[in-house]
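Step one of this worksheet: look at the structure below.
FYI, the numbering just counts along the sequence from 1.
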Amino acid sequence: MTIDFTDIKIADFHVHRVGNKANEDPLVLSAGAADADDEVKAALMQMFTTPFCGEKAASCEYYQFYHDSGLKYNVVYDLTCRAFGEPDNLLEISRELAGYLYDQSMHPKIKPGEFYAVLFDDCVIDGANHKALGLFKTENRDTYLNVYQEDGNFEIISRQGININRLDKGCIIYDIERADGMVVSVVDNTNKSEARYWIDDFLHVRQRQDEYFKTQNVLTMAKSFITRELPKEFEVTKADQADLLNKSVQFFKEKDEFDMEEFTNEVIAQPEVIESFNSFCKDYQEEHDLHLDGSFGISDAAVKQKSRSFKSVIKLDRNFHIYVHGSQEFIQRGYDEVSGMNYYQIFFNEES
């Protein structure tokens, strides 16, 4: 799925202030549309969309609304459907959304802030124009210096304001796949001491099981098997594990489509280890409530993000770390009977 914000426009937006209900902060609802000139709208557009697009995007994960009793019971989903169907009633809908967010703001660490409900036009998804609804919250303030000249002297004053380059919480809901809970992009820069009230309590979304999700989870599953399960059943060295980690990532980088049988034959290779891996995968999916297909398109973004954690490092006591990026054949493990210590031999052509 490709989402393009190049021609996206703000059709309407409203701002309210949502306090911390647990701390008896007030909920202040706006009586009308927010007033902003073109310059301010451009700054708002930057704040609203930058975290969700291009190289600065926080993540390529997409979510969808859900509810155990049925989608219609998900409050934000229901109000979003109304917003798309009744765009002229966005003020009243945004007031209901702000009230619902206020009801979820019961953790003592949740900060008060401005809540924005923004209706977008011309969001291009896979070449077609769609509406989108943005829900955002700004909580933190930065100090800004304003330098100006007066009577021949320069004066400096400080002001508190919102940093448009840092969005605290937000989501953009795309008007597609309604029957499956729509498609939602989420940003949540939540303080770790807070509950995950934005994602879990307010939006009530879960990750969409698309190519990104499947690529990410198969890589996680393979890493778990190689680093934790494999040494329990087979005699393997850290170099063997490093080699398998490297081969796993390389497989995903070189292929456009993932096929489980192809992966096990090329990466795992040994029949008895393949059998163990297949058994582990079955148990892993049941434990994590996953339903991964035997084949799917590989997400390059997921490979790039996940491969950062595939660090093939051999830690030797507290003296050395060996970072293994190449083939296992260039590193050999041995034991020195004189010193009574283990050793590694490393073969290379050039030193840089």
Side-chain angles (χ1 to χ4, degrees), residues 10 12-36 40-41 43-44 47-48 51-52 58 63 65-83 86 89-119 133-144 157-173 181 184-206:
I10 295 177
D12 191 13
F13 78 103
H14 300 275
V15 185
H16 311 283
R17 182 165 179 82
V18 178
N20 184 310
K21 189 173 183 178
N23 296 336
E24 299 184 353
D25 294 333
L27 169 66
V28 183
L29 298 175
S30 175
D35 186 19
V40 172
K41 282 187 176 181
L44 287 171
M47 181 174 72
F48 293 152
F52 302 99
Y63 294 79
F65 293 111
Y66 78 101
H67 195 282
D68 292 337
S69 300
L71 267 174
K72 64 180 180 180
Y73 296 103
N74 184 303
V75 174
V76 178
Y77 171 82
D78 183 61
L79 290 171
T80 299
C81 289
R82 282 180 52 194
E86 308 167 20
N89 291 331
L90 183 63
L91 173 60
E92 181 56 36
I93 294 168
S94 71
R95 290 164 66 95
E96 291 186 48
L97 284 163
Y100 182 65
L101 177 60
Y102 184 64
D103 288 339
Q104 311 311 310
S105 301
M106 294 299 294
H107 192 284
K109 295 291 186 180
I110 293 173
K111 297 178 181 178
E114 295 76 28
F115 173 73
Y116 309 76
V118 186
L119 191 62
L133 180 68
L135 305 177
F136 312 97
K137 188 183 178 196
T138 52
E139 299 173 337
N140 295 295
R141 297 291 183 271
D142 286 342
T143 300
Y144 296 91
I157 60 173
S158 66
R159 297 185 183 278
Q160 293 289 307
I162 297 168
N163 186 344
I164 64 171
N165 295 312
R166 188 182 65 217
L167 181 65
D168 294 313
K169 293 174 178 63
C171 72
I172 298 181
I173 306 157
V184 187
S185 296
V186 179
V187 166
D188 185 7
N189 293 316
T190 297
N191 186 306
K192 291 183 179 179
S193 64
E194 294 177 19
R196 280 167 48 94
Y197 81 103
W198 180 259
I199 290 178
D200 294 339
D201 300 331
F202 175 58
L203 295 176
H204 205 59
V205 292
R206 61 188 175 193

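The two atoms that bring Ser94 and Ala117 nearest to each other are CB-CB, 3.5 Å, heavy atoms only. Shown here for Ala83 and Leu90, the closest heavy-atom pair between the two residues is CB-CD1, 4.3 Å. In this structure, Glu139 and Tyr197 approach most closely via the heavy-atom pair OE2-OH, 3.2 Å. For Thr143 against Gln160, the heavy-atom pair with the smallest separation is OG1-NE2, 2.6 Å. Of all heavy-atom pairs between Ile162 and Met47, the closest is CG2-SD, 3.9 Å. For Gly170 against Trp198, the heavy-atom pair with the smallest separation is O-NE1, 3.5 Å.
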When you look at Asp25 and Arg17, which way does the salt bridge (Lys or Arg N to Asp or Glu O under 4.0 Å) test go after all the steps? CA-CA 10 Å; Asp25 294 333; Arg17 182 165 179 82; over 6 Å; no
Kindly determine whether Phe136 and Phe115 satisfy side-chain contact (heavy atoms from CB on, under 4.5 Å), including the steps that lead there. CA-CA 6 Å; Phe136 312 97; Phe115 173 73; over 6 Å; no
Derivation of the side-chain contact (heavy atoms from CB on, under 4.5 Å) call for Leu135 and Val76: CA-CA 10 Å; Leu135 305 177; Val76 178; 3.9 Å; yes
Could you go through the side-chain contact (heavy atoms from CB on, under 4.5 Å) check for Leu101 and Leu97 one step at a time? CA-CA 6 Å; Leu101 177 60; Leu97 284 163; over 6 Å; no
Yes or no on side-chain contact (heavy atoms from CB on, under 4.5 Å) for Thr80 and Tyr77, after CA distance, side-chain angles and deciding distance? CA-CA 5 Å; Thr80 299; Tyr77 171 82; 5.7 Å; no
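Tyr73 OH: 12 or fewer foreign heavy atoms inside a 6.0 Å radius.
Considering Phe65, Tyr66, Tyr100, Tyr63 in turn, Tyr66 is the only one that fulfils the ring-ring contact (aromatic ring centres under 6.0 Å, His included) rule with His204.
Side-chain polar atoms of Lys169 and Asn189 form no donor-acceptor pair below 3.5 angstrom. Side chains of Tyr116 and Thr138: a donor-acceptor N/O pair is present below 3.5 angstrom, by distance only.
Residues that satisfy the salt bridge (charged side-chain N to carboxylate O under 4.0 Å, His left out) test with Arg206, not counting sequence neighbours, are absent from this structure. For Asp103, the salt bridge (charged side-chain N to carboxylate O under 4.0 Å, His left out) test picks out Lys21, with sequence neighbours left out.
Contact annotation: the side chain of Val186 approaches that of Leu203 to within less than 4.5 Å [non-hydrogen atoms, C-beta and beyond]. Using a 4.5 Å heavy-atom cutoff, the side chains of Ile199 and Val205 are in contact. You'll find the side chain of Cys171 stays beyond 4.5 Å of the side chain of Val187, heavy atoms only.
Rounding to the nearest 0.5 Å places CG of Asp201 at 7.5 Å from CD1 of Ile110. The line from OH of Tyr102 to CG of Leu29 is 10.0 Å long, rounded to the nearest 0.5 Å. Ile93 CD1 to Leu79 CG: the interatomic distance, rounded to the nearest 0.5 Å, is 7.0 Å.
Residue pairs meeting the salt bridge (charged side-chain N to carboxylate O under 4.0 Å, His left out) criterion with at least one member in residues 66-83, sequence neighbours excluded, are Arg82-Glu96.
The aromatic rings of His16 and His14 lie parallel to each other, with less than 30° between the two planes, well short of the 60° mark.
Judged by distance alone, with hydrogens and angles left aside, the side-chain atoms of Asn74 form no donor-acceptor pair with the main-chain N or O of His67 at under 3.5 Å. Remark: side-chain polar atoms of Asn89 are not paired, donor with acceptor, to backbone N or O of Glu92 under 3.5 angstrom.
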